[in-house]
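Position 1 is the first residue of the sequence, and the numbers go up from there. The figures that follow rest on heavy atoms only: side chains count, while hydrogens, waters and symmetry mates do not.
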Amino acid sequence: MAAIKVHGSPLSTATQRALATLYEKDLDFEFVTVDLSTGAHKQEPYISKNPFGQVPAVEIGDLKLFAADLKYHVIFSRRRYRTVVSAVVRPLPALRGPTEVVVGFVPLWEESRAITKFIAEEYADKGTQLVHSEKEKKAALYVWLEVEAHQFEPVASKLVWELVFKPLFKIPTDPAAVEENEAKLGKVLDVYENRLSKAKYLAGDSFTLADLHHLPNTTLLLGTSSKVVFESRPHVQAWAADITARPAWSKVLALRG
């Protein structure tokens with residue numbers, strides 16, 4: 001079997017998804033840490049592995065897989081000193097004062113889902129079966145993969161920014177933003193509650209990529225005040241406790257230190 005090498009950051013949610021998939025598939029791989037804070041992802045040798053300068057990049061023998069979309073929140077400071085930020089920021093925020101400079105950034109949402117799908121399908125005969133081959137089960141899987149990416153992720157990532165990263169960098173949390181996005185997340189999880197009252201996991205009775213893709217943001221939010229949005233829905237709470245307790249995910253969290 002071709003050697004597998006993963007280049008990324010253990011703090012990146014995209015990298016975490018790729019690592020969780022590899023651990024679930026019980027595959028041997030080498031993990032190479034890419035220091036985002038120094039802009040290593042925008043320089044050689046990494047830029048040759050991912051021309052977009054984003055994490056992760058996965059090498060399987062001669063095959064190269066890489067993330068192709070990325071959103072950053074920018075960290076500001078009012079201290080005067082030279083700095084370089086090598087990330088692409090969308091949308092580009094305006095500086096809020098003459099002494100305010102960009103000094104860092106936090107990756108909140110990265111597209112790694114194509115990588116996890118490839119790994120799950122390419123190594124279907126290994127470890128946990130993360131995808132379905134039967135028509136009806138496959139249809140359910142595809143639906144819930146899209147729900148995670150387009151309904152859960154956008155709202156969850158905003159709450160993670162407010163409740164995890166802002167406090168980390170001593171930026172005041174916006175209570176209005178938290179309230180607004182908790183309400184939005186609640187509506188999304190109402191749909192999940194209904195689904196999970198009929199099946200143990202989102203795509204049926206077995207754990208799949210549809211569940212795995214939720215792990216990074218769900219884990220972060222369960223450590224904040226927004227955990228009540230999960231805990232107030234019994235089937236969602238049971239599902240979240242189940243997926244976050246998986247041995248493969250524990251290995252990913254161990255890499256964060």
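In this structure, CG on Leu209 lies 12.0 Å from NE2 on His214, to the nearest 0.5 angstrom. The distance from atom OG1 of Thr21 to atom NE2 of His213, rounded to the nearest 0.5 Å, is 5.5 Å. A distance of 11.5 Å separates CG in Leu22 from NZ in Lys251, rounded to the nearest 0.5 Å. Note that the CG atom of Leu19 and the CD atom of Glu24 stand 12.0 Å from one another [nearest 0.5 Å]. Once rounded to the nearest 0.5 Å, the distance linking NE2 of His235 with CZ of Arg195 reads 12.5 Å. Distance CG/Leu145 to OG1/Thr116: 7.5 Å, rounded to 0.5 Å.
Using a 4.5 Å cut-off between side-chain heavy atoms of Ile, Leu, Val, Met, Phe, Trp and Tyr, with links allowed through other members, Trp249 and Phe29 fall into the same hydrophobic cluster. Criterion: ILVMFWY side-chain heavy atoms under 4.5 Å apart, direct or through other members. Under it, Leu163 and Val228 are part of a common hydrophobic cluster. In the hydrophobic clustering of ILVMFWY residues, with side-chain heavy atoms under 4.5 Å counting as a link, Ile47 and Leu36 come out apart. Placement of Val58 and Val32 in two distinct hydrophobic clusters is found when ILVMFWY residues are connected by side-chain heavy-atom separations under 4.5 Å, directly or transitively. Both Ile243 and Leu253 are members of a single hydrophobic cluster when ILVMFWY side chains are connected at heavy-atom separations under 4.5 Å.
The main-chain N or O of Gly186 is found under 3.5 Å from a side-chain atom of Arg233 such that the two form a donor-acceptor pair. Side chain of Gln129 to main chain of Ala124: a donor-acceptor pair is present (N/O by atom type, distance under 3.5 Å, no hydrogens or angles). At least one donor-acceptor pair closer than 3.5 Å links the side chain of Lys42 to the backbone N or O of Phe52. A donor-acceptor pair under 3.5 Å is absent between the side-chain atoms of Glu30 and the main chain of Ile4, judged by distance alone.
Annotation for Glu44: atom CD counts as buried by contact number, over 12 foreign heavy atoms lying within 6.0 Å. Other residues, nucleotides and ligands place more than 12 heavy atoms under 6.0 Å from the CG atom of Asp125.
By the 4.5 Å heavy-atom criterion applied to side chains, Pro154 and Lys184 are not counted as neighbours. Put simply, the side chain of Leu185 reaches to within 4.5 Å of the side chain of Phe230, judged on heavy atoms. Between Glu193 and Val236 there is a side-chain heavy-atom pair separated by less than 4.5 Å. Side-chain atoms of Ile60 and Glu122, non-hydrogen and from C-beta on, never get closer than 4.5 Å to each other. For the pair Lys166 and Asp174, the minimum side-chain heavy-atom distance is below 4.5 Å. Side chains of Thr128 and Arg246 form a contact here, defined as non-hydrogen atoms less than 4.5 Å apart. A 4.5 Å side-chain heavy-atom check between Asn181 and Glu162 finds every atom pair outside the cut-off. The shortest distance between side-chain heavy atoms of Lys137 and Thr208 does not fall below 4.5 Å.
With hydrogens and angles left out, the side-chain atoms of Ser12 and Thr15 include a donor and acceptor closer than 3.5 Å.
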Q: Could you walk me through whether Leu255 and Val252 pass the side-chain contact (heavy atoms from CB on, under 4.5 Å) test, one step at a time?
A: CA-CA 5 Å; Leu255 291 176; Val252 176; 5.5 Å; no
Q.
Walk me through whether Leu27 and Lys126 qualify under side-chain contact (heavy atoms from CB on, under 4.5 Å).
A. CA-CA 8 Å; Leu27 296 168; Lys126 304 290 185 181; 4.1 Å; yes
Q | Residues Lys158, Glu180; criterion side-chain contact (heavy atoms from CB on, under 4.5 Å); working and verdict | A | CA-CA 10 Å; Lys158 289 177 182 177; Glu180 175 187 354; over 6 Å; no
Q | side-chain contact (heavy atoms from CB on, under 4.5 Å) assessment of Leu11 paired with Arg256 | A | CA-CA 6 Å; Leu11 300 179; Arg256 297 190 313 183; 4.3 Å; yes
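In this structure, His7 and Glu59 approach most closely via the heavy-atom pair NE2-OE1, 2.7 Å. Nearest heavy atom pair, residue Gly127 against residue Asp26, reads CA-CB, 4.4 Å. Minimum interatomic distance between Pro56 and Tyr46 (heavy atoms only, all atoms of both residues): C-OH, 3.4 Å. Closest approach of Thr173 to Pro167, counting heavy atoms only: OG1-CG, 3.9 Å. Across all their heavy atoms, Gln16 and Pro216 have their closest contact at OE1-CB, 3.4 Å. The minimum heavy-atom distance linking Ser226 with Glu182 is given by the pair OG-OE2, 2.6 Å.
Each of Phe152, Tyr192, Tyr201 was compared with Trp144 under the ring pair (Phe, Tyr, Trp, His ring centres under 6.0 Å) criterion, and only Tyr192 meets it.
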